[in-house]
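Letters A, B, ... mirror the listed sequences (proteins, then strands); counts begin at 1. What you see is a predicted model; the values in this text were computed from it and never measured. The figures that follow rest on heavy atoms only: side chains count, while hydrogens, waters and symmetry mates do not.
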Amino acid sequence: MMLPLYDRLRSAIRTALATQYALDRDAAAIPLETPPTRAFGDIGSPVAFELARELRKAPRVIAQDLAAALGPIEGVTSVSAAPNGYLNVFLDRGAFLTARLAARGTAGPRGGKTIVEHTAINPNKAAHIGHLRNACLGDTLVRALRFRGSPVEVQNYIDDTGVQVADVVVGLRHLEGLDLAGVRAIADSTRFDYYCWDLYARVTEWYEADKARLAVRAETLHEIEHAIDPSAAIGAFVAERIVRTHLVTMGRLGIDYELLTWEGDILRLQFWARAFELLKQKGAIFLQTEGKLAGCWVMTIDEDGGVPAEGAEPAAPADGADGEEPREKVIVRSNGTVTYVGKDMAYQFWKLGVLGRDFKYRRFGTRLDGETLWATTSRTDEAVEPHPSFGAATATVNVIDVRQAYLQQLLKQALAVAGHPEAARLHTHFSYEMVALSHATARELGFAPPPGSEEAAKPFVEVSGRKGLGVKADDLLDRMIDKALGEVVRRNPELPAADARQTAERVGVAAVRYFMVKFSRTKVIAFDIDEALSFEGESGPYLQYAVVRANNIFQKLRDRDGLDEAAIARAVAAHPPTALAGDDAADRLWSLVLDAAKLDDVVDGCVRTLEFAGLAKYAFGLAQGFNAVYHALPVLAEERDDVRLWRAAALGYVRQQLAAALHTMGIDVPTRM
RNA sequence: GCGCCCGUAGCUCAGCUGGAUAGAGCGUCGGCCUCCGGAGCCGAAGGUCGCAGGUUCGAAUCCUGCCGGGCGCGCCA
């Protein structure tokens with residue numbers, strides 16, 4: 001809970017600037033940072049530096065003026081000017097901690113609803129490691145928004161009428177010669193997502209052996225889109241079965257959704273037809289009559305990025321003096337079928353409440369918290385009333401890998417030219433880089449590129465769903481959990497098997513989830529099994545271990561002294577905060593408390609930049625700080641009552657904040673590990 | 001060709017809207033379990049922040065140009 005204090009401080013400095021220099025500054029623009037050591041202060045501001053030129057005064061003088069002009073600020077004991085011009089703020093340490101301990105509860109609702117779409121795996125085969133990065137980032141965003149009290153709706157888009165599902169249907173019908181009953185029998189007796197994984201790779205090979213076979217794919221896709229059986233029925237069966245396996249896989253990681261939106265419903269409910277009208281009305285798309293795209297409805301691609309910045313001049317026509325043809329993107333093919341972009345536009349219009357239509361809804365399953373998982377439907381007979389209100393959000397975020405940046409840009413452009421520039425501005429593409437494999441891991445899994453090949457020279461090995469090349473999400477999780485189980489049993493031989501299993505699951509999940517968010521989203525991850533399996537250093541289990549250790553201290557305080565956290569908070573009031581100020585040890589503990597308080601600021605920054613590596617690093621730093629203090633400053637063995645109690649209070653707060661940070665990343669803490 | 005992204009220690013990466021002495025993990029070397037759990041802690045070595053200019057009181061951070069690498073630009077998604 002640092003943000004309210006920052007606000008007070010900024011507003012006080014703003015007032016001082018006004019009274020002292022008659023300057024009218026935006027409070028939000030006043031820079032605040034953390035000084036390198038506590039000796040300099042708890043909060044510092046370089047505000048005097050940027051004013052030096054304007055005021056024709058030395059930064060040090062300005063800082064001195066400001067320090068003198070600042071009235072009393074709640075929670076602040078003193079403000080001083082450093083010789084180099086920094087304005088340094090010192091906090092009332094004891095009051096700060098007791099206020100934090102008393103301030104439970106969450107922030108009130110803020111802002112309109114944000115729809116976050118993530119996962120969106122083609123429902124034709126098992127999830128792989130790349131999908132995990134998407135889901136972990138998306139789920140962390142959702143949790144971060146909830147942490148701030150921002151209304152959020154999580155959706156998972158299901159492309160059940162796409163080429164990838166069609167390919168598996170081709171495999172089932174033409175390679176395996178199965179009908180719906182046969183497919184069902186296989187689905188009931190195998191790991192169906194794994195079966196389809198292999199089958200999909202075989203279908204790809206089958207096409208490559210004879211390109212003429214691609215006609216079978218086109219025909220199958222057409223049948224699926226137009227509800228012609230048996231392809232349509234088999235496709236629907238495959239999609240539903242596979243989606244359920246994906247839900248189970250993601251559920252293992254603590255990831256779930258409020259609504260599954262089915263692409264098929266977008267077609268059947270004429271969402272596309274409606275969006276098509278809107279786009280035609282505005283002249284956003286037109287029927288091309290000549291050239292190679294004759295017969296297609298196309299959208300002209302705005303090379304300047306589609307959405308003009310506010311107040312910017314309208315972009316000049318793309319067909320300028322250079323004589324280049326403006327580029328065009330096909331939205332409706334000459335055979336009348338809609339491309340993915342078209343369907344996505346209709347979906348996006350609905351999300352932002354500008355389509356003028358709604359889905360019907362059915363119950364699909366149960367969420368992790370026991371609530372209903374809803375799915376869209378176009379069938380009146382299975383529609384359920386009443387249902388929660390979906391769609392019509394103020395903002396939307398699509399979690400999709402960076403290779404689709406171009407399509408997402410087109411999506412924004414479509415919104416803008418269809419008459420909704422504001423909606424376009426409120427749509428964000430949360431892009432992230434790919435997950436590849438390290439050479440060592442590719443070798444271990446049996447698909448190392450041939451020596452001397454182009455692939456072998458690259459720094460990592462790319463995965464390919466088409467070739468069946470990659471690490472399945474469930475296999476990875478199984479390995480992580482097995483490895484964790486070995487460690488748990490070795491360290492806790494007396495633990496009952498069921499408890500050990502539960503602990504191992506939490507540790508394994510923590511390892512995967514932390515690994516997926518610790519890198520910047522703009523970085524390609526070269527996934528390495530050994531690195532991911534290592535639980536040492538900067539890893540999810542390291543963070544859990546810190547909380548487990550803290551829990552042990554509080555368990556013992558309860559057992560030995562009969563003190564719970566509420567009792568500690570009360571008892572501390574009777575003593576001066578000697579453990580927080582006075583010597584190096586106290587400064588160290590205080591620094592940790594101060595750091596722990598910044599979770600809200602950190603989460604805010606992550607939501608603003610969509611960069612959750614910052615949250616991961618922050619949590620790791622907190623755990624590191626805790627572990628260091630844990631070794632240096634005993635609680636239970638401390639004989640001075642005041643120091644012992646204040647240390648307990650401080651570590652209790654740190655533990656609470658660290659656990660909250662972990663929860664935001666979807667990491668649960670085991671009771672023992 | 002055009003667009004986006006990346007280049008920081010041996011390796012993998014942090015470094016927030018420019019600010020106080022460029023950090024962490026792994027690896028290497030050396031310490032610490034009669035002491036709240038060693039998945040831990042303490043210490044050491046290790047960096048022309050790709051290169052060259054520019055803006056600034058101040059640049060790893062912002063701008064320009066190069067160099068090296070990745071991705072995208074389809075009647076696939």
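At a threshold of 4.0 angstrom between heavy atoms, the contacts of A:Phe535 include nucleobase atoms, whether or not backbone atoms are also involved. Contacts of A:Phe49 with the nucleic acid, taken as non-hydrogen atoms under 4.0 Å apart, include base atoms. The residue A:Pro35 sits close to a base: some heavy atom pair falls under 4.0 Å. A:Glu462 comes within 4.0 angstrom of the backbone, heavy atoms only, and of no base. At a threshold of 4.0 angstrom between heavy atoms, the contacts of A:Ala613 with the nucleic acid are absent. Across all strands shown, A:Leu407 has heavy atoms under 4.0 Å from base atoms, whether or not it also approaches the sugar-phosphate.
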Please tabulate the protein-to-nucleotide N/O contacts below 3.5 Å involving nucleotides 4-10 of chain B, giving atom names and distances.
| from | atom 1 | to | atom 2 | distance (Å) |
| --- | --- | --- | --- | --- |
| B:rC5 | O2' | A:Thr522 | O | 3.3 |

Produce the list of close N/O pairs, under 3.5 Å, pairing protein atoms with atoms of nucleotides 28-37 of chain B; give distances to one decimal.
| from | atom 1 | to | atom 2 | distance (Å) |
| --- | --- | --- | --- | --- |
| B:rC36 | O3' | A:Lys556 | NZ | 3.2 |
| B:rC36 | O2 | A:Leu636 | N | 3.1 |
| B:rC36 | N3 | A:Val635 | N | 3.1 |
| B:rC36 | N4 | A:Tyr630 | O | 2.4 |
| B:rC36 | N4 | A:Leu633 | O | 2.9 |
| B:rG37 | OP2 | A:Lys556 | NZ | 3.0 |
| B:rG37 | O5' | A:Tyr630 | OH | 3.4 |
| B:rG37 | O2' | A:Tyr545 | OH | 2.5 |
| B:rG37 | N7 | A:Asn552 | ND2 | 2.4 |
| B:rG37 | O6 | A:Met673 | N | 3.4 |
| B:rG37 | N1 | A:Met673 | O | 2.6 |
| B:rG37 | N2 | A:Met673 | O | 3.2 |

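Annotation: B:rU17 and B:rC36 have their P atoms spaced 43 Å apart (nearest Å). With P as the reference atom, B:rA59 and B:rC42 are 33 Å apart, rounded to whole Å. The separation of B:rG15 from B:rG7, taken at their C1' atoms, amounts to 15 Å, rounded to a whole angstrom. Spacing between B:rG23 and B:rU48 at atom P, rounded to whole Å, works out to 15 Å. A gap of 27 Å separates the C1' atoms of B:rC16 and B:rG46, to the nearest Å. Across B:rG54 and B:rA14, the matching P atoms stand 30 Å from one another, rounded to whole Å. For the C1' atoms, the distance linking B:rA52 with B:rG68 amounts to 15 Å, nearest Å. Atom name P, nucleotides B:rA44 and B:rG50: the rounded distance is 26 Å, in whole Å.
Using cut-offs of 30° and 60° on the angle between ring planes, the pair A:Phe527 and A:Phe515 is perpendicular. The aromatic rings of A:Tyr347 and A:Tyr157 lie parallel to each other, their planes meeting at an angle below 30°, with 60° marking the opposite boundary.
In summary, the aromatic rings of A:Tyr542 and A:Phe620 are positioned with their centroids under 6.0 Å apart.
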Problem - Contact letters for nucleotides 21-26 of chain B, in which S counts primed atoms plus P, OP1 and OP2 and B counts the base, heavy atoms under 4.0 Å - result: ---SSS
Practice task
Output, in order, the C-alpha distance, side-chain angles, deciding distance and verdict of salt bridge (Lys or Arg N to Asp or Glu O under 4.0 Å) for A:Glu565 and A:Arg558.
Solution key: CA-CA 9 Å; A:Glu565 276 182 277; A:Arg558 258 193 305 276; 5.9 Å; no
Handout entry: Test salt bridge (Lys or Arg N to Asp or Glu O under 4.0 Å) applied to A:Asp559 and A:Lys556, step by step
Key = CA-CA 5 Å; A:Asp559 293 348; A:Lys556 291 195 165 135; over 6 Å; no
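Between B:rA77, B:rC75, B:rU12, one nucleotide has an atom nearer to the side chain of A:Ser334 than all others, and that is B:rC75.
Ionic pairing of A:Arg644 and A:Glu639 is not present here: no N-O contact between side-chain nitrogen and carboxylate oxygen is shorter than 4.0 angstrom. A salt bridge does not link A:Glu219 with A:Arg217: none of the charged nitrogens is closer than 4.0 Å to a carboxylate oxygen. Note on A:Arg403 versus A:Glu433: no salt bridge recorded, every NZ/NE/NH1/NH2 to OD/OE distance being 4.0 Å or above.
A heavy atom closer than 4.0 Å to some atom of RNA chain B occurs in A:Lys292, A:Leu293, A:Ala294, A:Cys296, these being the qualifying members of residues 287-296 of chain A.
A:Lys598 forms no cation-pi arrangement with A:Tyr618, by the criterion of a distance under 6.0 Å to the ring centre and an angle within 45° of the ring axis. In this structure, A:Arg549 fails the cation-pi test against A:Phe626, since its NZ or CZ atom is not both closer than 6.0 Å to the six-membered ring centre and inside 45 degrees of the ring normal.
With hydrogens and angles left out, the side chain of A:Asp159 and the base of B:rA77 share no donor-acceptor pair within 3.5 Å. No hydrogens or angles were tested; on distance alone, nothing pairs the side chain of A:Asp401 with the base of B:rA77 as donor and acceptor under 3.5 Å.
Listed by first and then second residue, the salt bridge (charged side-chain N to carboxylate O under 4.0 Å, His left out) pairs that reach into residues 507-523 of chain A are A:Asp139-A:Arg513, sequence neighbours excluded.
Each of A:Ala82 and A:Met434 has a nearest nucleotide on RNA chain B; the 5'-most of these lies closest to A:Ala82. Between A:Val488 and A:Val332, the residue anchored nearer the 5' end of RNA chain B, judged by the nucleotide with its closest heavy atom, is A:Val488.
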Exercise for the section: Starting at the 5' end of RNA chain B, write a dot or bracket for each base, bracketing those in Watson-Crick or G-U wobble pairs whose two distances are under 3.5 Å and using | for partners on another strand. Expected result: (((((((..((((.....[...)))).(((((.......))))).....(((((..]....))))))))))))....
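Glycosidic conformation, B:rC33: syn, with the torsion inside 90° of 0.
Within the structure, every side-chain polar atom (N or O) of A:Thr339 is placed at least 4.0 Å from both OP1 and OP2 of B:rG74.
To the nearest 0.5 angstrom, A:Gln408 atom CD is 4.5 Å from A:Asn398 atom CG.
Across A:Val169, A:Val168, A:Val163, a single residue satisfies side-chain contact (heavy atoms from CB on, under 4.5 Å) together with A:Thr220, and that is A:Val169.
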